[in-house]
Number of protein chains: 2
Amino acid sequence: MHEEIKDILKRNNLSVTGSREKILSLFLSKAGALAHGDIEKKAGEKFDRVTVYRTLQTFVDKGIIHAIPTADNSIRYALCKDDCSGGHHHDHHIHFVCNHCGNTYCLDDVVTPEVRLPNGYTTSQIEVVVEGTCKACNK
Amino acid sequence: MHEEIKDILKRNNLSVTGSREKILSLFLSKAGALAHGDIEKKAGEKFDRVTVYRTLQTFVDKGIIHAIPTADNSIRYALCKDDCSGGHHHDHHIHFVCNHCGNTYCLDDVVTPEVRLPNGYTTSQIEVVVEGTCKACNK
DNA sequence: TAATATTTTGCAACAATGTTGCTTTTTTCC
DNA sequence: GGAAAAAAGCAACATTGTTGCAAAATATTA
Ligand SMILES: [Mn+2]
Ligand SMILES: [Mn+2]
Ligand SMILES: [Zn+2]
Ligand SMILES: [Zn+2]
């Protein structure tokens, strides 16, 4: 596990530092997405608030994580699939926010649907966020 | 025009006040959505910042406007169609953010697409935000 | 219309979130 | 191990959002 983290950092030409290891480990040990606040709380005792911001920004720039926009206006982040490396994001999946447990998941197998726009509009990206009750909470 | 504003407020059991008239007029005179910041700037000389927040919240509660989540995490608001009144929102349209002019539009004629979720998930709401270049900017 | 009850506003104070410059520390590379 | 480069910490600040309360405006009733 620990080696995997170093691998990810090196693969992205990032130096291996405590905060990066810590924050990356948070993502790897959690299925869903993490809100900025969660990360700050869990990493914040050991690392400065500013460092958390800069680390997350670095990870987004490198294509290691991606931001998920939600209705309550609190950014969440989740790990990208491997083919996002290099600063270009290719996340063609949708996101699911559970109103019951509050978790946010990447539904990697659900492809973003086609959207027929009126004439004149051109598309560069489509974001789909579904709200509802997740698998675990429906049991 | 001014009578229309009063009508909307009265229909929603809201008392007619300066800030509500002003903010509502901003929405009626603009095709697209307004960011909170825009509203604060345009209404802020005359009204307190807190009043702007409370007015927008009131409008959302009443179903006069709805919030649009965007990737840059700045809430935008747009007028609801008439059938939203009463605090229940029924906005089954998608939103379009133009990367060129920065405007955000409700595409009222584009119905939210069906999304096939994995077994176990249940849906209560679907948000679709498309980014690209708008009609006006493509000309 | 005037008096009263209700609602809204502004203000102040505060909390939370995000940003920047600069110095010190850590990491990388030779 | 030492030099160069990168990251972290710190402090200060800016922006955004929230709350309680007194004053003002609006609605209601007589
Ligand atoms: Mn995702
Ligand atoms: Mn809309
Ligand atoms: Zn759940
Ligand atoms: Zn445009």
Side-chain angles (χ1 to χ4, degrees), chain A residues 2-3 5-26 33-62 64-65 67-77 87 102 104, chain B residues 2-3 5-26 33-62 64-77 87 102:
Chain A
H2 192 254
E3 275 309 307
I5 291 174
K6 279 192 179 168
D7 272 3
I8 295 174
L9 292 174
K10 290 195 173 155
R11 198 186 314 143
N12 287 280
N13 293 313
L14 292 175
S15 38
V16 179
T17 69
S19 85
R20 288 177 181 167
E21 288 182 302
K22 172 65 180 172
I23 291 177
L24 209 38
S25 79
L26 291 178
L34 293 167
H36 179 97
D38 298 340
I39 301 166
E40 201 176 309
K41 224 178 294 164
K42 284 174 187 159
E45 296 168 11
K46 196 106 195 313
F47 303 99
D48 194 80
R49 226 161 50 84
V50 176
T51 300
V52 174
Y53 276 101
R54 294 200 263 226
T55 301
L56 290 170
Q57 188 55 54
T58 299
F59 286 177
V60 170
D61 290 344
K62 288 290 185 174
I64 298 172
I65 60 175
I68 304 169
T70 51
D72 69 335
N73 219 36
S74 74
I75 310 183
R76 291 167 206 212
Y77 298 96
T104 300
Chain B
H2 192 254
E3 275 310 306
I5 291 174
K6 280 193 178 167
D7 271 3
I8 295 174
L9 292 174
K10 291 195 170 156
R11 198 186 314 143
N12 286 280
N13 293 312
L14 292 174
S15 38
V16 178
T17 70
S19 84
R20 288 174 183 168
E21 287 182 302
K22 173 64 180 172
I23 291 178
L24 210 38
S25 79
L26 291 178
L34 294 168
H36 179 97
D38 297 341
I39 301 167
E40 200 177 308
K41 222 177 297 164
K42 283 175 187 158
E45 295 168 13
K46 194 104 195 313
F47 303 100
D48 193 82
R49 223 161 52 85
V50 177
T51 300
V52 173
Y53 277 100
R54 292 200 266 228
T55 301
L56 290 171
Q57 187 55 54
T58 300
F59 286 176
V60 170
D61 290 345
K62 289 290 185 176
I64 298 172
I65 60 176
H66 59 280
I68 304 169
T70 51
D72 68 334
N73 221 36
S74 74
I75 310 183
R76 291 168 208 211
Y77 298 95

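Numbers restart at 1 for each chain; the letters A, B, ... are given by sequence-line order, proteins then strands.
The minimum heavy-atom distance between A:E40 and A:Y53, with the atom names listed, is OE1-CE1, 4.2 Å. Across all their heavy atoms, A:L9 and A:S15 have their closest contact at CD1-O, 4.4 Å.
Here C:dT28 presents its C1' atom at 14 Å from CG of A:L9, a figure rounded to the nearest Å. In this structure, B:Y53 atom OH and C:dT9 atom P are separated by 16 Å, rounded to whole Å. Taking atom CD1 on B:I75 and atom C1' on D:dT18, their separation rounds to 13 Å, with Å as the unit. D:dA8 atom P lies 11 Å from atom CD of A:E21, rounded to whole Å. Rounded to whole Å, the distance from OH on B:Y77 to P on D:dG17 is 8 Å. In this structure, A:R49 atom CZ and D:dA7 atom P are separated by 20 Å, rounded to whole Å. When the C1' atom of D:dA7 is taken as reference, atom CG of A:L24 falls 16 Å away, rounded to whole Å. One atom, NZ of A:K62, and another, C1' of D:dA6, lie 12 Å apart when rounded to the nearest Å.
Under 4.0 angstrom from either OP1 or OP2 of C:dT9 there lies at least one side-chain N or O belonging to B:S19. A close approach under 4.0 Å does not occur between any side-chain nitrogen or oxygen of B:R54 and OP1 or OP2 of C:dT9.
DNA chain D is contacted by B:H36 of residues 33-43 of chain B, taking any non-hydrogen atom closer than 4.0 Å.
Picking from D:dA27, C:dT17, D:dT18 the nucleotide with the shortest atom distance to the side chain of B:S15 gives D:dA27. Out of C:dT28, D:dA7, C:dT9, the shortest distance to the side chain of A:V16 is found at C:dT28. When each of D:dT18, C:dT8, D:dC10 is scored by its nearest atom to the side-chain atoms of B:T17, the top-ranked nucleotide is C:dT8.
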Exercise for the section: List the steps and the verdict of side-chain contact (heavy atoms from CB on, under 4.5 Å) for A:R11 and A:I8. Expected result: CA-CA 5 Å; A:R11 198 186 314 143; A:I8 295 174; 3.9 Å; yes
Practice task
Verify side-chain contact (heavy atoms from CB on, under 4.5 Å) between A:V52 and A:H36, making sure each step is shown before the conclusion.
Solution key: CA-CA 9 Å; A:V52 174; A:H36 179 97; 4.1 Å; yes
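Proximity of A:I64 to A:L24: side-chain heavy atoms (C-beta onward) are separated by under 4.5 Å at one or more points.
For the atom pair CD1 (B:I65) and CG (B:L56), the distance works out to 5.0 Å, reported to the nearest 0.5 Å. For the atom pair A:E21 CD and A:L26 CG, the distance stands at 12.0 Å (nearest 0.5 Å). To the nearest 0.5 Å, the span separating CG on B:L14 from NZ on B:K62 amounts to 5.0 Å. Of the inter-residue distances, the one linking A:I5 atom CD1 with A:I23 atom CD1 reads 11.5 Å to the nearest 0.5 angstrom.
Using modelled atom types and a 3.5 Å distance limit, the side chains of A:S19 and A:T55 yield a donor-acceptor pair.
Taking five base pairs at each end of the helix from C:dT1-D:dA30 to C:dC30-D:dG1, the local helix axes there meet at an angle of 40°, rounded to 10°.
Among the protein residues, B:K46 comes within range of the sugar-phosphate backbone only, with heavy atoms under 4.0 Å from sugar or phosphate atoms but none that close to a base.
Both B:L14 and A:G18 lie close to DNA chain D; mapped to their nearest nucleotides by heavy-atom distance, the more 5′-ward contact belongs to A:G18.
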